[in-house]
Colleague: 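Have a look at this one.
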Amino acid sequence: MLTAVTGINWGDEGKGRVIDLLAENADVVARYQGGDNAGHTVVTEQGKFILNLLPSGILHPEVTCVLGAGMVIDLDHLSREIDAIEERGVKVDPENLKLSDKATISMPWHKVQDGLEEDRLAQKGRAFGSTRRGIAYAYSDKYRKKTLRLGDLLHLDEERVQNRLHVILESKNLELAGCYHQEPMSYDALLEWCRMQAGQFAPFICDAGAFLQQAHDSGKRIVLEAQLGAMRDIDYGIFPFTSSSNTLAAYAPLGAGIPNCRLDHVVGVLKAYSTCVGAGPFAAENAMGEAWNEQLRKAGGEYGAATGRPRRVGPFDCVASRYGLSCQGADKIALTKLDVLSSMKEIPVITGYKLDGVEVPRFDPLSDLDRVQPVVTLLPGWNKDISGCKSWDELPTAAKQYVEFLEKQLGHEIQFVSTGAEREKFVLKGEWL
């Protein structure tokens with residue numbers, strides 16, 4: 001069975017929480033896009049883990065994890081991430097972690113370029129809110145055919161690879177020196193860096209697509225893990241305030257390495273309220289005022305898993321969520337962090353947008369989203385701790401009514417509701433996987 005777990009909104013919906021649960025019965029968990037510019041937070045009996053590149057399945061010793069062909073991989077960051085979780089007793093070796101030979105390497109200069117350009121834009125008040133992790137530049141060079149793939153590290157002594165390194169470095173030095181007045185990088189230093197990475201990661205690099213194909217054909221349970229959400233998709237998100245990859249479920253088999261396979265299920269993950277990291281239009285933060293937002297931010301611990309930046313927050317946005325749901329085509333929906341709302345006497349929900357006093361008929365990522373005014377409906381709160389609830393029937397009436405209101409607004413059943421950060425804190429409503 002092939003299942004993709006995707007974000008319906010801006011990212012940070014709690015996908016790691018859902019993937020960790022599905023990984024209990026999975027054979028393989030594979031990331032299919034993005035880099036280390038976002039993170040998945042998982043809470044286990046060993047504590048809290050923040051994973052930027054490693055799939056959430058790495059916390060399950062019987063699961064094989066894959067970094068797929070659609071990713072851009074900062075190998076220095078991956079090395080640190082592996083060291084950090086190994087220190088906490090999590091095994092990582094070529095048996096349970098496989099790196100696609102087709103994945104793109106995030107080269108040392110990509111972070112440099114990202115930071116320099118963001119600084120230049122910030123001086124003019126035009127910064128994109130980049131994480132400065134070099135993701136956009138790695139993807140840009142991928143499509144310009146001016147970077148390396150992981151498989152190239154296995155052939156560094158071959159003339160064809162060394163010639164490509166010369167061509168890539170010459171081009172990059174022209175950019176950095178001509179545009180940003182940086183000192184040129186040397187070929188010898190670049191080759192040495194590549195050899196160092198090959199020395200560590202060569203045993204992990206393989207034809208991950210062939211591995212996934214064999215697993216799929218033999219009936220293994222495979223979970224494909226997305227980073228970020230529909231609003232950050234490069235094609236269908238709020239351009240240009242997007243990531244640089246395709247975050248949608250339709251891309252999952254392609255980015256994982258099995259483009260000929262079809263998904264059996266798409267799990268769309270929603271948070272019980274709205275959050276956003278980075279720049280760009282975000283109508284939800286204008287619904288209730290900053291004092292209410294700060295209270296919610298503190299209650300939910302809303303700070304970026306990869307960056308530590310305070311997340312922008314607001315009420316659940318039904319308008320944006322309907323659009324994200326249509327993009328992802330989810331047949332299952334998980335709602336996370338319902339427990340964060342437990343102390344509120346009234347809970348606002350965004351049920352519409354108005355622009356210049358006129359109702360906006362639908363969410364359009366290319367429209368004037370900076371100017372829309374959210375239409376808010378207030379629902380009664382339940383003012384009760386729900387973390388101990390073990391079934392849907394045990395939830396307070398107002399909590400169930402809140403979920404049912406969202407279902408009606410979305411036109412879709414919600415099957416999974418998390419009631420706390422820990423693995424066991426959830427209830428099921430309807431048929432789950």
Side-chain angles (χ1 to χ4, degrees), residues 5 7-10 12-18 20-22 41-43 229 267-275 284-285 287-288 291-302 311 313-322 324-325 330-352 374-433:
V5 180
I8 297 299
N9 296 129
W10 294 264
D12 308 310
E13 298 96 345
K15 294 182 292 298
R17 167 86 165 78
V18 177
D20 177 64
L21 178 67
L22 294 177
T41 301
V42 180
V43 179
V267 178
V269 186
L270 290 161
K271 195 177 281 184
Y273 49 93
S274 298
T275 63
E285 68 184 346
M288 299 300 292
W292 187 92
N293 291 352
E294 182 58 24
Q295 180 183 4
L296 177 63
R297 185 179 295 115
K298 288 181 178 178
E302 293 300 343
R311 292 185 181 126
V313 301
F316 187 95
D317 189 332
C318 296
V319 184
S321 297
R322 283 192 291 266
L325 185 58
D331 63 305
K332 305 290 183 182
I333 296 183
L335 184 72
T336 65
K337 285 200 166 185
L338 185 65
D339 53 299
V340 173
L341 304 179
S342 292
S343 63
M344 293 186 179
K345 293 181 180 179
E346 289 186 313
I347 303 174
V349 177
I350 297 170
T351 52
V375 177
V376 173
T377 298
L378 291 175
L379 301 177
W382 46 95
N383 198 29
K384 180 181 178 182
D385 180 17
I386 62 172
S387 61
C389 296
K390 299 184 182 302
S391 70
W392 172 254
D393 290 337
E394 290 182 24
L395 288 175
T397 299
K400 291 189 285 188
Q401 288 174 342
Y402 180 79
V403 176
E404 289 165 351
F405 182 85
L406 299 187
E407 289 180 323
K408 185 175 181 180
Q409 287 286 319
L410 298 174
H412 201 296
E413 182 184 20
I414 294 170
Q415 293 91 357
F416 173 100
V417 179
S418 78
T419 56
E422 295 81 7
R423 277 177 168 171
E424 71 279 4
K425 302 288 188 181
F426 69 91
V427 301
L428 296 181
K429 175 185 180 295
E431 185 177 347
W432 186 237
L433 297 171

Colleague: Main chain of G300, side chain of K337: is a donor-acceptor contact present, judged purely on distance under 3.5 Å?
Modeller: yes
Colleague: Looking at every heavy atom in both G381 and A398, which two are closest together, and how far apart are they?
Modeller: O-CB, 3.5 Å
Colleague: Quick test of your reading: applying salt bridge (charged side-chain N to carboxylate O under 4.0 Å, His left out), list the pairs with at least one residue in residues 423-433, sequence neighbours left out, ordered by first then second residue.
Modeller: D20-R423, E45-R423, E407-K429
Colleague: So how far is it from N383 CG to L341 CG, rounded to the nearest 0.5 Å?
Modeller: 12.0 Å
Colleague: If we ignore hydrogens and angles and just use 3.5 Å, is the side chain of H412 paired with the main-chain N or O of A330 as donor and acceptor?
Modeller: yes
Colleague: What are the two closest non-hydrogen atoms of M344 and L296, and how far apart are they?
Modeller: CE-CD1, 3.9 Å
Colleague: Given side chains that start at C-beta, do those of L21 and W432 come closer than 4.5 Å, heavy atoms only?
Modeller: yes
Colleague: Would you mind reporting whether L270 and L406 have side-chain heavy atoms less than 4.5 Å apart?
Modeller: no
Colleague: So how far is it from E413 CD to E404 CD, rounded to the nearest 0.5 Å?
Modeller: 10.5 Å
Colleague: What distance separates S274 OG from N293 CG, expressed to the nearest 0.5 Å?
Modeller: 10.0 Å
Colleague: How far apart are the closest heavy atoms of A320 and W10, and which atoms are they?
Modeller: CB-CH2, 3.7 Å
Colleague: List the atom of S321, the atom of F316, and the distance in Å for their closest heavy-atom pair.
Modeller: OG-CZ, 3.6 Å
Colleague: With rounding to the nearest 0.5 Å, note down the distance linking CG in L433 to CG in D331.
Modeller: 7.0 Å
Colleague: Would you find a donor on one side and an acceptor on the other, under 3.5 Å apart, between the side chain of Y402 and the backbone of L338?
Modeller: no
Colleague: Within this structure, what is the OH-CD1 distance for the pair Y273 and I347, rounded to the nearest 0.5 Å?
Modeller: 12.0 Å
Colleague: Answer yes or no: is there a donor N or O on one side and an acceptor on the other, between the side chain of K271 and the main chain of D12, under 3.5 Å?
Modeller: yes
Colleague: Ignoring hydrogens and geometry beyond distance, is a side-chain donor-acceptor pair present between D385 and S387 at under 3.5 Å?
Modeller: yes
Colleague: What are the two closest heavy atoms between E394 and K390, and how far apart are they?
Modeller: OE1-N, 3.1 Å
Colleague: Find out whether D317 and N9 are in side-chain contact, i.e. whether some heavy atom of one side chain is under 4.5 Å from a heavy atom of the other.
Modeller: no
Colleague: Whether the side chain of T275 engages the backbone of R311 through a donor-acceptor N/O pair (distance < 3.5 Å, no angle test) should be reported.
Modeller: no
Colleague: Would you say the side-chain atoms of W382 and T397 include a donor-acceptor pair closer than 3.5 Å?
Modeller: no
Colleague: Between R17 and E422 (side chain of the first, backbone of the second, donor and acceptor by atom type, cut-off under 3.5 Å), is there such a pair?
Modeller: yes
Colleague: Among residues at least two apart in sequence or on other chains, which ones pass side-chain contact (heavy atoms from CB on, under 4.5 Å) with A287?
Modeller: P315, I350, P374, V376
Colleague: State, to 0.1 Å, how close I386 and S342 come at their nearest heavy-atom pair, and which atoms those are.
Modeller: CG1-OG, 3.8 Å
Colleague: Are the side chains of F416 and I333 in contact, using a 4.5 Å heavy-atom criterion?
Modeller: no
Colleague: Would you check if L410 and R322 make a side-chain contact, meaning some heavy-atom pair closer than 4.5 Å?
Modeller: yes
